[in-house]
Amino acid sequence: MSNGFDDIPFFDEEPAPRKPVAGSKVPPAPGAGLGIAARAMAARDQARMPDYLSGLNPEQREAVESVDGPVLVLAGAGTGKTRVLTTRIAHILASNRAFPSQILAVTFTNKAAREMKERIGHLVGGAVEGMPWLGTFHSIGVKLLRRHAELVGLSSDFTILDTDDVVRLIKQIIQAEGLDDKRWPAKQFAAMIDGWKNKGLDPARVPEGDARAFGNGKGRELYVAYQNRLKTLNACDFGDLLLHPIRMFKANPDVLKEYHQRFRYILVDEYQDTNTAQYMWLRLLAQRPEGVPQNVCCVGDDDQSIYGWRGAEVDNILRFEKDFPGAKVIKLERNYRSTEHILGAAGHLIAHNEGRLGKTLFTDRIDPNDDKVVVHAAWDSEEEARAVGEEIEQLQRQQHPLNDMAILVRASFQMREFEDRFVTLGLNYRVIGGPRFYERLEIRDAMAYFRLVCQPADDLAFERIVNTPKRGLGDTTIRNLHDYARARDIPMLAAAADIIETDELKPKARKALFDVVTDFRRWQSLLENTPHTELAEQILDESGYTAMWHNDKSAEAPGRLENLKELIRSMEAFESMRGFLEHVSLVMDAETNENLDAVSIMTLHSAKGLEFETVFLPGWEEGLFPHQRALDEGGRSGLEEERRLAYVGITRAKRRCHIWFVSNRRIHGLWQSTLPSRFLDELPPAHVEVAETETSYGGYGRNPYGQSRFDKQEPFQNSYSTPGWKRAQANRTDATRDNWGTRSGHAVERIGYGESGPRAKTIEGELVAKSTTTEPSRFSVGDRVFHLKFGNGNIASIEGNKLTIDFDRAGQKRVLDGFVERVQAS
DNA sequence: TTTCCTCTAGTTTTT
DNA sequence: CTAGAGGAAA
């Protein structure tokens, strides 16, 4: 849990590593307290061929052992990419080429970094201490910046702003420029700045046209003003965590040189996702002066590049060989995940893209009993959800764990239908990627208190909480204070301390502000000597923040209090409040509860890197997938990215992949009839079967879809002529919309779930319906209960795990007992 | 200050 | 349609 930079010596105290000599013996490892390198060496010495190399195929092994010089590993889905990366690091360590602190290993997400640490630990036998430079681009950026902040005009205790802070800040700037913040939304400009920063553009380099496009042509001025404001706040946004180090390195070649010496080996995960700024950062660090080997290894898959829309440049991976002359390119094509049908379908689909580096996944685990990829047609999204639910239940009856199944959607609105259905069925599910814990209102408020205690100059935090809970400090007072602070160039909290000594404010506001200032003074004085969790609780109590939610009668209030408790709990793992704040600003991910058996529902984007026995891919319709906007805004390359997304979806499946399309979908409230996705036509018949629908309608054979519905003739185009396909097509054309109820043999029961109000989600961002149990209900009629969505109510009747409840506010609803908690009768 | 109403926009997401 | 934001009224 490092919260800074001073815990790692800049250069190792140990002697410089020697070049390994073939067959050289390494001295036996002494007992306890071994460094990672020593342990790795010991592990290697146990066998002639190091253990860690034994299970690798020849290509993987080559990727692991080609440690010197630039290497690009093109690792297709399920080909053991992470394994190669981690084994490679273990190998570098074990062969005595570098110390752990001389390896730079970069990932995109914290999750990936964590996983790598863990797996290296396994390989080397023990926890990985001393890999200080394994982390995300951003966390490594922070580490560099904390060390050299003064070189870019910051002080090393700078704050990291998240998107929410940034938007509020930009809004102020837009208003300060005298622009209408409704006509020029701060959010949009924040996105523009983010985009520019992804491209490595400082204000001067933003193309004229782009800069003029915002704020009556004032885009550039606004960007400058924003950067200035950040500097006065001693703050960075996420983009700066990359750009500042780049600037720093460019302006200080001596510093860059130090890092060149330090980082003997550089590894990059998910290279296809790097944006221009990351690419610049990497080249600065990786490209060495003549004669020095560039030990860079980038691992990626151009076919899985799905983040172009947020600045990723597939081109980075495509031109690796130009950037690093003499680079070795190793393709990993042997797939260990999926059946031949799944690979065949995915491979045929992705072959429709141009400009690929070209890989074909194969497996030799061929089993004639393997299912083909199945394409299903449904009348509308409701039927789609119902049918998927049935399939899941059927698999469940065959003892397949729900954890092995996932529904991967293109857009998050599609999730709702599945959630509704699963709640009705009492089927456990979890939603991955919902609102994040640290993005919740109450968490952000609490964090603002903590930030302000640790960093009295954090004006954004100050503004967020001065009047939360309500203290009668309205707009006018704040504006006053703001001007006062600006005029004197001091932080707002300091300004508040000053202004209460004057008579500039009304007595009421003055008193309120006085209380705030004294509270913060007190908390700051406690910061060093009070256990931080205790202090945190104290802050939330004394500020009246907890009381505010206690008094709040709304349905969400108890959940929010619970989240605050969870926040305090999660602080325990940290040494100090500062350490905790640093962690939170970078690590925004929530963990899922692995112990629960549940179907996962997530977007295709968040599914990258995961795998499931069975994957359901609903919503393969033109306009949704490929998404209309991707086509409109991205043209050909937009379509190709969508296709890669489809590829990612299919290759998540190990054994079973079910694709769905519907004929009617409600978009923006109105029903629209839809066409099957062109991607369906791009699947190879040999690996695909069309499901016979159990429903009894249709069969007219009116098939408007022949060959080449969308594209010019393409070599892969094929027209399905199987009876099943024809029927599926006919179904979607001729079905009548009276399928409410039991047509598919399943009693449809609607329970209240669809009115406005927040979605019921647990702190992990999961919504979990308890499965039907045979146990007697833990509730009885008349109990007073609380429901996250509907609030308080009394139980009117009970059937199994389904409760009928008279809610105080929402009226009578039927809900599953897993969604309510018993409360004391009031 | 709160509540209610109107308006608007509406893929994908990490850090 | 529907969630969220912002403005107007109580």
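Each chain gets a letter, A, B and so on, in the order the sequences are listed, and its residues count up from 1.
- The side chain of K470(A) lies closest to dT1(B) when the candidates are dT1(B), dT15(B), dT14(B).
- Spacing between atom CG of L441(A) and atom P of dG4(C) amounts to 12 Å, rounded to whole angstrom units.
- If you take CD of E417(A) and P of dT2(C), they are 11 Å apart, rounded to a whole angstrom.
- Going from the C1' atom of dA3(C) to that of dT14(B) covers 24 Å, rounded to whole Å.
- When each of R636(A), E641(A), R643(A) is tested with N353(A) by the rule side-chain hydrogen bond (donor to acceptor under 3.5 Å, both in side chains), just one qualifies, namely R643(A).
- Not a single donor-acceptor pair under 3.5 Å links the side chain of E642(A) to the backbone N or O of G638(A).
- Counting to the nearest Å, the P atom of dT1(B) and the CE atom of M548(A) are 14 Å from each other.
- Remark: Y223(A) pairs with W196(A) by the ring-ring contact (aromatic ring centres under 6.0 Å, His included) rule, at least two apart or across chains.
- Checked against salt bridge (Lys or Arg N to Asp or Glu O under 4.0 Å), R666(A) has no partners two or more places apart in sequence or in another chain.
- Closest to the side chain of R416(A), from the set dT13(B), dT15(B), dT2(C), is dT2(C).
- Evaluation of the salt bridge (Lys or Arg N to Asp or Glu O under 4.0 Å) rule for R471(A) yields no partner, not counting sequence neighbours.
- Atom CG in D269(A) sits roughly 15 Å away from atom C1' in dT15(B) (whole-Å rounding).
- dG6(C) and dT11(B) have their C1' atoms separated by 25 Å, with the value rounded to a whole Å.
- Using the six-membered ring where Trp is involved, F189(A) and F214(A) have ring planes that are parallel, under 30° apart on the 30 and 60° scheme.
- In this structure, the CE atom of M602(A) is 15 Å from the P atom of dT12(B), given to the nearest Å.
- For D194(A), the salt bridge (Lys or Arg N to Asp or Glu O under 4.0 Å) test picks out no residue, with sequence neighbours left out.
- Residue contacts shown for G239(A) are absent, as no nucleic acid heavy atom lies under 4.0 Å away.
- Within the 4.0 Å cut-off from OP1 or OP2 of dT14(B), not a single side-chain nitrogen or oxygen of N110(A) is found.
- Checking each of T651(A), L645(A), I650(A) against Y647(A) for a side chain to side chain contact (heavy atoms under 4.5 Å, CB included) leaves exactly one that passes, namely T651(A).
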N/O-N/O pairs, protein side and nucleotides 5-7 of chain C side, under 3.5 Å:
| unit_1 | atom_1 | unit_2 | atom_2 | d |
| --- | --- | --- | --- | --- |
| dG6(C) | OP1 | K171(A) | NZ | 3.4 |

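- Side chains of Y271(A) and D301(A): no donor on one and acceptor on the other come within 3.5 Å.
- OP1 or OP2 of dT15(B) has not a single side-chain nitrogen or oxygen of S139(A) nearer than 4.0 Å.
- dT13(B) atom P lies 7 Å from atom NE2 of H605(A), rounded to whole Å.
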Tabulated below should be each protein N or O lying under 3.5 Å from an N or O of nucleotides 7-11 of chain B; please produce it.
| unit_1 | atom_1 | unit_2 | atom_2 | d |
| --- | --- | --- | --- | --- |
| dT11(B) | O4' | H627(A) | NE2 | 3.3 |

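- For the pair Y307(A) and N467(A), both in contact range of DNA chain B, the more 5′-proximal nearest nucleotide belongs to N467(A).
- A tilted orientation is assigned to the rings of H605(A) and Y307(A), their planes being inclined by 30° to 60°.
- As a whole-Å value, the separation of Q414(A) CD from dC1(C) C1' is 16 Å.
- In this structure, M415(A) atom CE and dT12(B) atom C1' are separated by 10 Å, rounded to whole Å.
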